[in-house]
Chemist: 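Before anything else, here's the structure in question.
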Amino acid sequence: FTRILPGPHQRHLCRHGPHDITVPSSPAPLQQDPRMPPDRHWVAPALYMAMIIALSSIPGSSGPEMPSGPAGWIPPIVSNALHVPVYAGLGFLWTYALIRGRRLTPPQAALMALAIAAAFGALDESYQGLVPGRTTSPGDWLADAAGAAIGCTVFILWRWLQTRER
């Protein structure tokens, strides 16, 4: 039998007799973002992923007169370098969505966001092998995962700086 006392203390009665116990206070729940209903936090990263698939669907050109980037108008070195910032944006959005929507701690959200973005990057690279003139590349997938890790880290640091200023 436990009787609640004012404050963080409780009186616990057991076979050894009554004694006071201290119950740690639970942290305040995260407030939902008032600009977005609680079940809609996944919309931004999902739309961002759709944009990535749309860009991955652009056929490449492997002819000698044009570079082999998407549609031939992006040089290959630029196309490869774009993986990092694009997936950094995806990691950032998923980290935000998971903290706000799932109420995960920042490290939990960052790890889950990294897993989601890296898995999506692997699927995207596999899909590109089906697009005419495009190829799959393990190096591109590593750039995707590195970008996602950067995005997750940037969000965590940004959030930490916000809480530190308060």
Chemist: Distance from L161 atom CG to R164 atom CZ, nearest 0.5 Å?
Modeler: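 Between L161 CG and R164 CZ, I get 6.5 Å after rounding to 0.5 Å.
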Chemist: Do L142 and I116 sit in one hydrophobic cluster, given that two such residues count as connected whenever their side-chain heavy atoms are within less than 4.5 Å of each other, even indirectly?
Modeler: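 Result: no, two separate clusters.
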Chemist: Once rounded to the nearest 0.5 Å, what's the spacing between atom CD1 of I52 and atom OG of S57?
Modeler: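 So the gap between those two atoms works out to 11.5 Å.
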Chemist: Measuring only between side-chain heavy atoms, which start at C-beta, is H41 closer than 4.5 Å to W94?
Modeler: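 Not in contact.
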Chemist: Considering non-hydrogen atoms only, spot the tightest contact between L98 and A109 and give its length.
Modeler: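 For L98 versus A109, the nearest heavy atoms are CD1-O, 3.6 Å.
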Chemist: Does the side chain of Y87 reach to within under 4.5 Å of the side chain of F120, using non-hydrogen atoms?
Modeler: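 Answer yes - side chains close enough.
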Chemist: Do you know the tightest heavy-atom contact between C152 and A113?
Modeler: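 Scanning both residues, the minimum pair turns out to be SG-CB, 3.8 Å.
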Chemist: Considering non-hydrogen atoms only, spot the tightest contact between L114 and A148 and give its length.
Modeler: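 Result for this residue pair: CD1-CB, 3.9 Å.
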Chemist: Can you name the nearest heavy-atom pair linking Y127 to I53, along with the distance?
Modeler: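 Smallest interatomic distance, heavy atoms only, reads CE2-O, 4.2 Å.
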Chemist: How long is the gap from CG on L130 to OG on S56, to the nearest 0.5 Å?
Modeler: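 Between atom CG of L130 and atom OG of S56 there are 11.0 Å.
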Chemist: May I ask whether L123 and L55 are part of the same hydrophobic cluster, defined by side-chain heavy atoms of I, L, V, M, F, W, Y residues being less than 4.5 angstrom apart, directly or through others?
Modeler: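 No, L123 does not connect to L55 through the hydrophobic network.
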Chemist: Just wondering, are more than 12 heavy atoms of other shown residues or ligands nearer than 6.0 Å to CE in M112?
Modeler: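 It does not: M112 CE has 12 such atoms or fewer within range.
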Chemist: Check for me, please, whether V84 and W158 land in the same ILVMFWY cluster - side-chain distances under 4.5 Å, paths through other members count.
Modeler: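 Yes, same cluster.
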Chemist: Indicate yes or no: at least one non-hydrogen side-chain atom of T95 is less than 4.5 angstrom from one of V154.
Modeler: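 T95 does not reach V154 side chain to side chain.
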Chemist: Under the criterion side-chain contact (heavy atoms from CB on, under 4.5 Å), I'd like the reasoning laid out for T135 against Q128: C-alpha separation, chi angles, the key distance, then a yes or no.
Modeler: CA-CA 6 Å; T135 59; Q128 284 183 25; over 6 Å; no
Chemist: Measure the spacing between CH2 of W141 and CG of D124 and express it to the nearest 0.5 Å.
Modeler: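 The distance works out to 13.0 Å.
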Chemist: Using 0.5 Å steps for rounding, measure from the CG atom of L82 to the CG atom of D144.
Modeler: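 Answer for the CG-CG pair, L82 versus D144, is 11.0 Å.
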Chemist: Is the backbone of A122 close enough, under 3.5 Å, to the side chain of E125 for a donor and an acceptor to pair up by distance?
Modeler: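 No, the answer is negative, given that no donor and acceptor are paired below the 3.5 Å cut-off.
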Chemist: Could you tell me the separation between the CD1 atom of I150 and the CG atom of L157, rounded to the nearest 0.5 Å?
Modeler: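 Rounded to the nearest 0.5 Å, the CD1-CG separation comes out at 11.5 Å.
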Chemist: Work out which heavy atom in V86 is nearest to a heavy atom in Y48; give both atom names and the distance.
Modeler: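 Minimum heavy-atom separation between V86 and Y48: O-OH, 2.8 Å.
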Chemist: Do W42 and L93 sit in one hydrophobic cluster, given that two such residues count as connected whenever their side-chain heavy atoms are within less than 4.5 Å of each other, even indirectly?
Modeler: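 Same cluster.
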Chemist: Does any N or O in the side chain of R159 come within less than 3.5 Å of the main-chain N or O of P106, such that one atom is a donor and the other an acceptor?
Modeler: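 Between the backbone of P106 and the side chain of R159 there is no qualifying donor-acceptor contact (under 3.5 Å).
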